[in-house]
Amino acid sequence: MSARSIGAMVDGHRLVVVVGTGGVGKTTMAAALALGAALRGRRAMVLTIDPARALARALGLAALAPGGEPVSLAALPAVGLRPAGSLAAGMLDQKHAWDAFVNRHAPSAAAARTILDNRFYQELSTSFAGATEYMAIEETCRLAESGRYDLVVLDTPPAAHALDFLRAPERLDPLLDHRVTALLARPTALAGAFAKVVLRWLEQAAGHVAMADVSAFLLALDTLLDDAVARTRKARELLRGGNAGFVLVTGPRQLVLDETGAFVERMRAVDAELTGVVLNRAHPAPGCTAAEAAAVLAELAATAAADGAGDPAVAWADAAWRDAEAEAAAEVAPVETFLAALPPGVAHAVIPDATRDVHSLADLAAVAARLWA
Amino acid sequence: MAGRHRTLHYVTGKGGVGKSTVCAALALAAAARGERVLAIELGQPGGLRRLLGVAADAAGTITPARAAPGVAVAWFEGAAALGEYLVRRLRLGRLGRALIAHPLYQAFATAAPGLRELMVIGKVRDELVLQQVGARPRWDLIVVDAGASGHALGHLRMPAAAARSFPSGLVHREAARNAALLGDRATCAVHVVALPEELPLAEAAQVVVALRALGLGGGALFVNQCRPAAPLGIDALAVRLGDLAVAPALEAARDEVATAVRRARRWERIQERGVAALEAELAMAAVRLPRLWQGDGLARAVALAPLVVEATG
Ligand SMILES: Nc1ncnc2c1ncn2[C@@H]1O[C@H](COP(=O)(O)OP(=O)(O)OP(=O)(O)O)[C@@H](O)[C@H]1O
Ligand SMILES: Nc1ncnc2c1ncn2[C@@H]1O[C@H](COP(=O)(O)OP(=O)(O)OP(=O)(O)O)[C@@H](O)[C@H]1O
Ligand SMILES: [Mg+2]
Ligand SMILES: [Mg+2]
C-alpha cells in the first residue's frame, strides 16, 4: 500500500471527483468514499449519476431529490459501525438540471421560455458531449457553496477517457461569446465582410429554417451569458488549484496505464490534483500452489466417483478452478506495471472483486475500510 | 463475395465489455478470407488501434495494421470530420481554415451538436462507396468500433434527428443519405456486446430496444466472457468439496478451491438468469462468447473470430 491511503487524502479535501471509463465502479466508489467520510465524523454528500438500482435503494434515492436527501445509517450499528458524521445522497438528472440552470439565470420568465422551447436547446441539453458533466459541476458548485456539507463527492458519467470530464467546461466556451450573438443580432450593421461570408456559408449548409433556429437560440442565450460565464469560471476554480481531489477508478484488465499516464499529464497541465487511483474488481492470486489444488481436485474426483456423483460436475469444478487461477495470473503483469508507473504522491487502493453486487451500506463500508487502509 | 453479406458493421456496448475485441475478430476473419478490411474507431483513439498494433496518428488517417495483414485502421473524430466535410462540399479551398476558426462557425458547430456525428457517418459512407479502378470497391468490409453505448446511440440516432432539425440545405441532404445507409439492413448492422452480469445485461437490453426504436435492430447480441453452464449436481458437489476430508497440509488448498468453485457457481447463476431474462425480453437469441485467458488481446480476438463471424454473416 502507498504511504497515505486514498481515504487519508480525501480527509483533506472538501470536494472529490470520481472519474473513470464506463462500468468500472465510479458510482460505487463515490458512495463508499462519502460513507467512509461520514463514518469519520464529516457531513458528507455524494452526488450520483445513474446509480445501479440496488445502490440507489441502499442510499434511499428511490424518492429522488436532486438537492440531496439524508441517508439513514441505521443499518450500520448492526455491523458494528457507529457513524460519527452524516451522509446525504442526491442523483443528478441532466435535463432537469439544465432547465433549472436556464430558469435561474434568465432575466425573465419569458426569456427562459424562449430558450427552453428552442429545438437546439433541447438537443444541446440532452445530447451535447459534456452536458452531464457540465451540469454535475454546476450542481456541485451549488452544493459546495451551500455550506451544508464538509465533503461533496461527485460521481461522473462514463466517459471514453477520464479526461473528458475536465474538458467539459471548455466545450461550452464557443457558445459563451458575446461577439457571436452581436454578429447574429445585427449581421448587416456590425459584421465585417468576412463574417457575412461565414453567415452565408453556414446558411447554405444548414438551410434557412435551421439557421434561424440556431440564431434564435444563440441570441436568447446571450441574455444569460454573463451569469453563465461567471459560473463557468467559478466551476473551473473549484476544480483546479488543489481545491478538488480527483480519484480515478479503473480495472485490472483494462489497459489502464495509457489512460492513467495521459490523465496525470493533463491534470498537471490544468493544475488539478490526482489524489488517488482505485484498481477495482481485482482477482488476487490464490493462496495455494497449483499442485496442492490439483491434489484436492483429484481427491474430489475419487470420492465423487466412489459415490457415483456425476463426472460433468467434477469437470466443471475443475474448469472453474483453472479459470480463477488463469484470471488472477492474467492480472499480475498489468497490475504490477500499473503500480510501478504511478507518480509519487498518488495514493492507490486495490479492491477485490466481490462475489455479488456491491450495494448495501455494509458492503460500501467494507469497501471504504479498504480505501482508508 | 462482396454484396453477399453485410459490409458495414457497427459494434457497441458498455465500457470494457469487449467491443474492440469483437471488432478485431470480425476484421481478422474477413482479412483471412482475402477481403480488404477497414477498421474504424470513433472518438478518442484507443483499444482497437492498440489491439491491431497501430500507433496513434492524426484523425482521419488510414494506416495498415502491422499485426493484422489485410486490415487498415483509422480513427474518425467529429470536429475534424465536420470541418473537412464542409470545406470539401462547399468547395472552400484555402478560405476554409479561416472560416472554421471564426467564432460564428465555432458557435454554430457547438449549438448544433448532431452535425459532428453526422459528418463522421458521412465519412464512413464515403469510404464504403469509394470505388477503385475497375469499379471494385476499395473495402470489402468496414467495421466501426462505435464506443460506449450512450455515446454510440447518440451518434447513430443523429442522421435521422438531423434530417428533421435541418429541413433543407446541404446538411439535410447529407443527413437523409446517412440515415438511409444506417437503416439499410442489407448493408449495415449494429451489434451489441455485453458481459454476463446483472447491470451490463440490463443495459444491453435497453440499448437493443433503443436501436430497434431507431430502426437499427437486426444486429447480433453478444454476451462476452461467458462461463460454461453448470451441470446438474454442481451444488451438491460444491458442498462435498467444502467438507472434503484431506491431509492437514491440503486444508488451506481445499478451502481455496472450494471458494473459487462457489464463486464461479454464483457468477454462473447470475449469467444464466440474466441471459435467459434478456432473451425473453428481447425475443432473440444471444450469442455467448467464452472467457479466454490464454495469449494477448489479439490472440483472444483470433480465437473468438469463428463464433463472431457465424453470428454476423
Ligand atoms: N469490487 C466490486 N466487486 C463486485 N462488483 C462490483 C465491485 N465494484 C462495483 N461492482 C459492481 O459493478 C457494477 C458497476 O458499478 P458502478 O455502477 O459503480 O460502475 P460505474 O463506473 O459507475 O458505471 P457507469 O460507468 O455505468 O456509471 C455494479 O453492479 C456494482 O455493484
Ligand atoms: N472473451 C474474453 N475472455 C477474456 N478476456 C477478454 C475476452 N474478451 C475481451 N477480453 C479482454 O477484456 C478487455 C477489454 O476488452 P476490449 O478492449 O475489447 O473491450 P472494449 O469494450 O473495447 O473496452 P473499452 O470500452 O475500454 O473500449 C481486454 O483486455 C480484452 O483482451
Ligand atoms: Mg455510474
Ligand atoms: Mg474498446
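Heavy-atom basis, side chains included; hydrogens, waters and symmetry copies ignored. Values in this document were obtained by computation on a predicted structure and should not be read as measured data. Lettering of chains follows the sequences in order, A, B, ..., and the numbering in each one begins at 1.
Ranked by heavy-atom pairs under 4.5 Å with chain A, the list S168(B), A258(B), A236(B), A260(B) is led by S168(B). Counting heavy-atom pairs closer than 4.5 Å to chain A, the top-ranked of the candidates A230(B), G169(B), G233(B), A264(B) is A230(B). When H102(B), Q106(B), K14(B) are compared by the number of non-hydrogen pairs under 4.5 Å with chain A, H102(B) comes out ahead. The residue among P167(B), A162(B), A148(B) with the most heavy atom pairs within less than 4.5 Å of chain A is P167(B). Your options are P200(B), A161(B), G147(B), P228(B), and the one with the most heavy-atom pairs under 4.5 Å with chain A is P228(B). Contacts with chain A were tallied for D255(B), T259(B), L250(B); L250(B) has the most, counting heavy-atom pairs under 4.5 Å.
Both the backbone and the side chain of L300(A) come within less than 4.5 Å of a heavy atom of chain B. With a 4.5 Å cut-off on non-hydrogen atoms, A326(A) touches chain B through its backbone and its side chain both. Contact of D323(A) with chain B is made through backbone and side chain together, with heavy-atom distances under 4.5 Å. Both the backbone and the side chain of V198(A) come within contact range of chain B, each with at least one heavy atom under 4.5 Å from a heavy atom of that chain.
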(message) Under the criterion side chain to side chain contact (heavy atoms under 4.5 Å, CB included), I'd like the reasoning laid out for L241(B) against W321(A): C-alpha separation, chi angles, the key distance, then a yes or no.
(response) CA-CA 12 Å; L241(B) 173 58; W321(A) 166 255; over 6 Å; no
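Residues satisfying the side-chain hydrogen bond (donor to acceptor under 3.5 Å, both in side chains) test with D318(A), not counting sequence neighbours, are R322(A).
Using a 4.0 Å cut-off between charged nitrogen and carboxylate oxygen, R281(A) and E197(B) count as a salt-bridge pair. For R254(B) and E299(A), the salt-bridge test fails: no basic side-chain N is under 4.0 Å from an acidic carboxylate O.
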